[in-house]
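These numbers come from the heavy atoms of this one structure, side chains and all, not from hydrogens, waters or symmetry mates. Numbering starts at 1 and runs along the sequence shown.
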Amino acid sequence: PSATTGLALERFVLQACWHRFERDQEGEPVVFLGLDVDSAELDSEAGTAQVTDLYRRLLARDPTKDEVAALLGLHPALVAAGGLNGEWQILSCFTIATTSEALLF
């Protein structure tokens with residue numbers, strides 16, 4: 001692996017998450033569903049369902065309570081920076097898909 005492998009992999013994952021999000025907004029949602037993407041309000045049940053679905057799709061397992069709490073905890077900081085639920089969904093996908101568990105196993 002070269003020095004740029006990590007960066008290239010992160011760009012690939014971010015693009016994959018973004019592309020799936022865009023496709024879900026254009027037609028029948030497959031991955032990113034259950035949240036109003038243009039809202040800054042996150043329903044904890046819907047957020048937990050989204051995190052659980054992403055973990056099942058990307059790591060083929062259920063998330064731990066701490067993993068769910070960590071991703072739900074990112075939402076307020078993202079909203080404070082001007083983000084909405086849609087950005088939170090994309091960054092949650094990116095976060096899960098770039099864990100060492102996802103990349104190495």
Side-chain angles (χ1 to χ4, degrees):
S2 72
T4 60
T5 301
L7 181 58
L9 186 58
E10 285 186 352
R11 286 181 178 181
F12 176 81
V13 170
L14 185 58
Q15 181 61 28
C17 292
W18 179 266
H19 182 68
R20 180 72 256 174
F21 177 81
E22 288 293 315
R23 288 188 66 192
D24 281 359
Q25 300 314 301
E26 293 170 358
E28 185 68 32
V30 174
V31 176
F32 299 105
L33 41 100
L35 293 175
D36 178 2
V37 299
D38 296 321
S39 173
E41 298 295 320
L42 179 65
D43 175 70
S44 65
E45 284 185 30
T48 298
Q50 179 67 80
V51 170
T52 300
D53 184 59
L54 288 170
Y55 263 90
R56 288 176 180 165
R57 289 175 183 279
L58 296 167
L59 299 179
R61 67 171 178 85
D62 286 338
T64 65
K65 289 180 182 179
D66 289 340
E67 290 167 333
V68 171
L71 285 174
L72 292 178
L74 292 175
H75 191 269
L78 182 64
V79 169
L84 301 172
N85 288 342
E87 286 86 5
W88 176 79
Q89 288 175 300
I90 294 166
L91 293 177
S92 293
C93 174
F94 174 79
T95 300
I96 297 165
T98 56
T99 61
S100 53
E101 178 182 355
L103 298 175
L104 300 175
F105 299 107

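With hydrogens and angles disregarded, no donor-acceptor distance shorter than 3.5 Å links the side chain of Gln89 to the backbone of Gly47. Put simply, the side chain of Trp88 never gets that close to the backbone of Val79: no donor and acceptor are under 3.5 Å apart. The closest donor-acceptor contact from the side chain of Glu26 to the backbone of Arg23 lies at 3.5 Å or more, if one exists at all. Asn85 places no side-chain N or O within 3.5 Å of a backbone atom of Leu35 that could act as its donor or acceptor partner.
Evaluated for a side-chain contact (heavy atoms from CB on, under 4.5 Å) with Leu54, the options Cys93, Cys17, Pro63 yield exactly one hit, Cys93.
Interatomic distance, Leu33 CG to Glu28 CD, rounded to the nearest 0.5 Å: 8.5 Å. Here the OG1 atom belonging to Thr52 is positioned 10.5 Å from the CZ atom belonging to Arg61, to the nearest 0.5 angstrom. Expressed to the nearest 0.5 Å, how far CD of Glu87 lies from CG of Asp38 amounts to 8.5 Å. The line from CZ of Phe94 to CZ of Arg11 is 11.0 Å long, rounded to the nearest 0.5 Å. Atom CG of Asp43 is separated from atom CD of Gln50 by 12.5 Å, given to the nearest 0.5 angstrom.
Residues Leu84 and Leu78 do not share a hydrophobic cluster, defined by chaining ILVMFWY side chains whose heavy atoms lie under 4.5 Å apart. Criterion: ILVMFWY side-chain heavy atoms under 4.5 Å apart, direct or through other members. Under it, Phe32 and Val37 are part of a common hydrophobic cluster.
Across all non-hydrogen atoms, the minimal contact from Val13 to Thr98 is CG1-CG2, 3.8 Å. Closest approach of Gly34 to Ala46, counting heavy atoms only: O-CB, 3.6 Å.
For the pair Arg20/Ile90, no side-chain contact is recorded, criterion being any heavy-atom separation below 4.5 Å from C-beta on. The shortest distance between side-chain heavy atoms of Val30 and Arg57 falls below 4.5 Å. Residues Leu42 and Leu72 form a side-chain contact, since some pair of their non-hydrogen atoms from C-beta on lies under 4.5 Å apart. Using a 4.5 Å heavy-atom threshold, the side chains of Leu91 and Leu74 count as separate. Between Leu58 and Thr99, every side-chain heavy-atom pair lies at or beyond the 4.5 Å cut-off.
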